[in-house]
Amino acid sequence: MSLAATTLATFDQLLGTLDHLLGKAAASDQGEALLQARLAPDMFPLATQVRFTTQQVYNTLNRLFGTDHAGPASDHATLAEARAHLAEVRALIAAARDAAPVSDDTMIEFDVPNGLVFRLSAADYVRDWSMPQFHFHLMTAYAILRANGLAIGKADYLGYMMRHLKAPPSA
């Protein structure tokens with residue numbers, strides 16, 4: 001499987017995880033209030049973590065596949081909006097599967113809000129920037145929900161693994 005295909009598959013299955021977690025949040029007593037929950041006062045709330053997680057997907061699609069997806073400029077006001085947005089992003093991922101990505105050694109240059117500019121190969125970009133940023137914001141969203149008492153665990157985070165479960169040996 002190519003780097004681009006692996007990246008798309010990872011994004012898709014983990015956005016499915018995030019959707020599952022947000023579904024559990026919506027069904028909880030805290031519901032929408034969780035969107036403003038934070039791990040620490042100087043960290044972004046859940047709503048922003050969701051937006052930043054999907055922004056990594058948009059940025060990667062743009063840089064690897066030449067698309068021009070901007071993503072939302074502000075956080076979602078409801079869990080339903082956030083979940084609908086995840087479905088939209090997953091549809092973009094599905095559409096990208098048939099597109100031709102740049103080569104792994106194509107140079108990618110980007111800047112971050114504090115003015116730093118990075119230049120690295122597409123393969124390095126995915127490994128060193130895109131995936132770590134994606135996982136950081138996704139895991140922070142999970143941690144916010146867990147820290148606020150949502151009954152979730154590793155099985156909720158890795159639920160996609162159930163398709164690989166081997167039947168136990170017969171006695």
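Just so it is clear, the structure is predicted and the values come from calculations on it, not from any experiment. The first residue in the sequence is number 1, and the count goes up from there.
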Hey, are the side chains of [X] and [Y] touching, using non-hydrogen atoms and a 4.5 Å cut-off?
X: Met131; Y: Phe11; value: yes
X: Tyr160; Y: Thr10; value: no
X: Asp124; Y: Ile108; value: no
X: Asn62; Y: Phe110; value: no
X: Leu145; Y: Lys24; value: no
X: His135; Y: Leu14; value: yes
X: Asn59; Y: Tyr125; value: yes
X: Met107; Y: Arg119; value: yes

Return the minimal non-hydrogen interatomic distance between [X] and [Y], and the atom names on each side.
X: Ala5; Y: Ser2; answer: N-OG, 3.1 Å
X: Tyr58; Y: Pro72; answer: CE1-CD, 3.8 Å
X: Leu3; Y: Ala123; answer: CD2-CA, 3.4 Å
X: Leu138; Y: Thr53; answer: N-OG1, 3.3 Å
X: Leu22; Y: Ala82; answer: CD1-CB, 4.0 Å
X: Leu79; Y: Glu32; answer: N-OE1, 2.7 Å

Pairwise distance [atom1]([X]) to [atom2]([Y]) - rounded to 0.5 angstrom:
X: Arg146; Y: Met139; atom1: CZ; atom2: CE; result: 9.0 Å
X: Thr17; Y: Asp156; atom1: OG1; atom2: CG; result: 9.0 Å
X: Leu39; Y: Ile144; atom1: CG; atom2: CD1; result: 4.5 Å
X: Leu64; Y: Thr106; atom1: CG; atom2: OG1; result: 9.0 Å
X: His85; Y: Glu81; atom1: NE2; atom2: CD; result: 11.0 Å
X: Phe136; Y: Thr140; atom1: CZ; atom2: OG1; result: 4.0 Å

- Would you call Asp19 and Arg90 a salt bridge, using N to O less than 4.0 angstrom? no

- Query: What's the verdict on side chain to side chain contact (heavy atoms under 4.5 Å, CB included) for Ile93 and Leu15, showing C-alpha distance, side-chain angles and the deciding distance?
  - Reply: CA-CA 10 Å; Ile93 292 167; Leu15 289 179; 3.7 Å; yes

- Are Phe134 and Val112 linked, directly or through other ILVMFWY residues, by side chains that come within less than 4.5 angstrom of each other? yes

- Under a 4.5 Å side-chain heavy-atom rule over Ile, Leu, Val, Met, Phe, Trp and Tyr, are Val50 and Met43 clustered together? yes

- Message: Could you check whether any side-chain N or O of Arg63 sits under 3.5 Å from a backbone N or O of Ala122, counting only pairs where one atom can act as donor and the other as acceptor?
- Response: no

- Message: Evaluate Leu8 against Leu61 for side chain to side chain contact (heavy atoms under 4.5 Å, CB included), listing each step before the verdict.
- Response: CA-CA 9 Å; Leu8 294 176; Leu61 291 174; 3.6 Å; yes

- Message: As a quick check of understanding, evaluate side chain to side chain contact (heavy atoms under 4.5 Å, CB included) for Gln133 and Phe52, giving each step before the final call.
- Response: CA-CA 8 Å; Gln133 292 292 322; Phe52 285 176; over 6 Å; no

- Message: Could you check whether atom CZ of Phe44 has more than 12 heavy atoms from other residues, nucleotides or ligands sitting under 6.0 Å from it?
- Response: no

